[in-house]
*Asks:* 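The structure follows.
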Protein chains: 2
Amino acid sequence: METYNLQDDSYLKVLRPLVEAYQAIFEVGDRHIRSMGLTPAQFDVIAELWGTDGLTAVELSQSTLLAKASLTGIIDRLESKGLVERHAVPRDRRSMNVKLTKAGIALHRKCFPAQAKMMRPYFERALSQHDVNVLQKLLVRLRDSCRKR
Amino acid sequence: METYNLQDDSYLKVLRPLVEAYQAIFEVGDRHIRSMGLTPAQFDVIAELWGTDGLTAVELSQSTLLAKASLTGIIDRLESKGLVERHAVPRDRRSMNVKLTKAGIALHRKCFPAQAKMMRPYFERALSQHDVNVLQKLLVRLRDSCRKR
DNA sequence: TATTGTTATACTCTATAACTATA
DNA sequence: TATAGTTATAGAGTATAACAATA
């Protein structure tokens, strides 16, 4: 079988474990989100709304990188679950302010620490405090490099 | 704004940079895959088939974690693009052997080094050879921990 | 004219259940 | 009976284009 002569390439040495680690972690988190009856896209919107006083569809579109027409359905489903509300914006009657309800806030408050509590042991049994600091530093460097053109 | 008292949690210190690094890398890769007219799920299947002499639907189902009924459609679309072929298995007439065509092999061959060539500088300017080895080791440990129950 | 959000439409992913052909 | 794959069905995500209301 053909190879690409990339064995001495640092790129692949890091990329593959990074992808696999991400996927292993994500699988756990994903199951948790779905067990609450949410999809990842719906949870993304809740996370974006968290800590704000509401966002418009255009603002959500920018932060989630979704088309605004795609958001309509996602917001519909969150609204039908009672987790967000649409409010009129007095200043601009074209806009809607999308805001977490009390139930939405409660769900996030319940979900987030539960997720952390569940995931923490997987991290702690694998990494020392020193490992954590090193890993964080290297990942931030890599992230920033990939973000910059 | 409320906080969760998780500042001293190694979990978040690593998780956030890991997710952000993954997303920064994959924004580039995802665009590349879609520019070839493929979806991530389709490319996953191609990547699983690469280097094999063909796999059955059940084997693909296991490696991609998709329901076998979901794979039917994905394989259909790859087949209609001429990238994979279904072959009968003489030993067991219930099974299908799904295999990359020449075009599928060519696509992977074209895509993969192009991706590597594009991504490599982002890695190399951020990490020394020593960094690469450390990062790889820590990510593998984390991955394995998250995979194990 | 330009912008905000929705509708209309279409495609893909994904799952479960029922079915068929085989083993 | 059990297994491999497909079909049927359904829900969700995603995009583009067209539209109504408003700016």
Side-chain angles (χ1 to χ4, degrees), chain A residues 23 26-27 29-49 52 54-81 83-99, chain B residues 23 26-27 29-49 52 54-81 83-99:
Chain A
Q23 287 174 344
F26 195 81
E27 201 197 317
D30 199 59
R31 253 187 281 126
H32 190 232
I33 287 170
R34 290 188 188 278
S35 75
M36 296 182 304
L38 295 179
T39 65
Q42 288 165 17
F43 191 75
D44 267 3
V45 168
I46 289 181
E48 290 295 338
L49 291 178
T52 74
L55 299 174
T56 66
V58 167
E59 287 168 335
L60 275 173
S61 171
Q62 286 158 353
S63 54
T64 59
L65 301 178
L66 295 172
K68 59 182 181 169
S70 304
L71 276 167
T72 300
I74 295 171
I75 295 168
D76 285 347
R77 281 163 224 125
L78 287 172
E79 200 171 25
S80 76
K81 292 185 174 94
L83 300 173
V84 308
E85 281 169 348
R86 281 183 244 237
H87 294 289
V89 175
R91 291 177 157 277
D92 184 341
R93 280 154 59 194
R94 294 173 305 181
S95 294
M96 303 300 297
N97 189 258
V98 182
K99 203 176 164 182
Chain B
Q23 286 174 343
F26 264 74
E27 200 196 317
D30 200 60
R31 254 188 280 126
H32 193 229
I33 287 169
R34 291 188 189 277
S35 75
M36 295 181 305
L38 296 179
T39 64
Q42 289 166 16
F43 191 76
D44 267 3
V45 169
I46 289 182
E48 290 295 337
L49 292 177
T52 74
L55 299 174
T56 65
V58 165
E59 288 169 333
L60 275 173
S61 170
Q62 286 158 351
S63 53
T64 59
L65 302 178
L66 295 171
K68 60 182 180 168
S70 303
L71 277 167
T72 300
I74 295 171
I75 294 168
D76 284 348
R77 280 162 225 126
L78 286 172
E79 200 171 26
S80 75
K81 291 185 174 95
L83 299 174
V84 308
E85 281 169 348
R86 281 182 244 236
H87 294 290
V89 175
R91 291 177 158 276
D92 185 340
R93 280 154 60 196
R94 296 172 304 180
S95 293
M96 304 299 296
N97 189 258
V98 182
K99 205 176 162 181

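Chain naming here is simple, since letters A, B, ... match the order of the sequence lines and numbering starts at 1 in each.
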*Asks:* What pairs meet the side-chain hydrogen bond (donor to acceptor under 3.5 Å, both in side chains) rule with one or both residues in residues 66-75 of chain B, with sequence neighbours excluded?
*Replies:*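 Output for this query is empty, none listed.
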*Asks:* Could you pull out the closest heavy-atom pair between B:T64 and B:L60, with the gap in Å?
*Replies:*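 In terms of heavy atoms, the two residues are closest at OG1-O, 2.7 Å.
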*Asks:* Within residues 54-63 of chain B, find the residues that approach DNA chain D with a heavy atom at under 4.0 Å, and present them sorted by residue number.
*Replies:*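 Within this stretch, B:T56, B:A57, B:V58 sit under 4.0 Å of the strand.
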*Asks:* For residues B:A67 and B:S61, report the shortest heavy-atom separation together with the two atoms involved.
*Replies:*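 For B:A67 versus B:S61, the nearest heavy atoms are C-OG, 4.2 Å.
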*Asks:* List for me each residue that meets salt bridge (Lys or Arg N to Asp or Glu O under 4.0 Å) alongside A:R94, sequence neighbours excluded, and say none if there are none.
*Replies:*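 A:R94 satisfies salt bridge (Lys or Arg N to Asp or Glu O under 4.0 Å) with A:D92 once adjacent residues are dropped.
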*Asks:* Just checking B:R34: base, sugar-phosphate only, or nothing, at a heavy-atom cut-off of under 4.0 Å?
*Replies:*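 Result for B:R34 = nothing.
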*Asks:* Restricting to salt bridge (Lys or Arg N to Asp or Glu O under 4.0 Å), what partner residues turn up for B:R86, sequence neighbours left out?
*Replies:*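 B:R86: salt bridge (Lys or Arg N to Asp or Glu O under 4.0 Å) contacts with B:D76, B:E79.
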*Asks:* Please list, chain by chain and in numerical order, all residues satisfying salt bridge (Lys or Arg N to Asp or Glu O under 4.0 Å) with B:R93, sequence neighbours excluded.
*Replies:*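 If we apply the salt bridge (Lys or Arg N to Asp or Glu O under 4.0 Å) test to B:R93, skipping adjacent residues, there are no hits.
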*Asks:* Which part of the nucleic acid, if any, lies within contact of A:T72, taking any heavy atom under 4.0 Å across all strands shown: a base, the sugar-phosphate backbone alone, or nothing?
*Replies:*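 Result for A:T72 = base.
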*Asks:* A:N97: what forms a side-chain contact (heavy atoms from CB on, under 4.5 Å) with it, not counting sequence neighbours?
*Replies:*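 In terms of side-chain contact (heavy atoms from CB on, under 4.5 Å), with neighbours along the sequence ignored, A:N97 is linked to A:H87, A:V89, A:K99.
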*Asks:* How far apart are the closest heavy atoms of B:P40 and B:R34, and which atoms are they?
*Replies:*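 Closest heavy-atom pair between B:P40 and B:R34: CD-NH2, 3.3 Å.
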*Asks:* For nucleotides 8-16 of chain D, just jot down a letter per nucleotide in 5' to 3' order: B, S or -, based on protein non-hydrogen atoms under 4.0 Å.
*Replies:* ----SSBBB
*Asks:* Does B:I74 have any side-chain contact (heavy atoms from CB on, under 4.5 Å) partners at least two apart in sequence or in another chain, and if so, which?
*Replies:*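 B:I74 satisfies side-chain contact (heavy atoms from CB on, under 4.5 Å) with B:A41, B:Q42, B:V45, B:L66, B:R77, B:L78 once adjacent residues are dropped.
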*Asks:* Between the protein and nucleotides 21-23 of chain D, list every N/O to N/O distance that falls short of 3.5 Å.
*Replies:*
unit_1 : atom_1 : unit_2 : atom_2 : d
D:dA23 : OP1    : A:R93  : N      : 2.9

*Asks:* Could you list the residues that satisfy salt bridge (Lys or Arg N to Asp or Glu O under 4.0 Å) with A:E48, not counting sequence neighbours?
*Replies:*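 With neighbours one apart ignored, the set is empty.
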*Asks:* Which whole-number value in Å describes the distance from A:R31 CZ to C:dT14 C1'?
*Replies:*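 For the pair A:R31 CZ and C:dT14 C1', the rounded distance is 17 Å.
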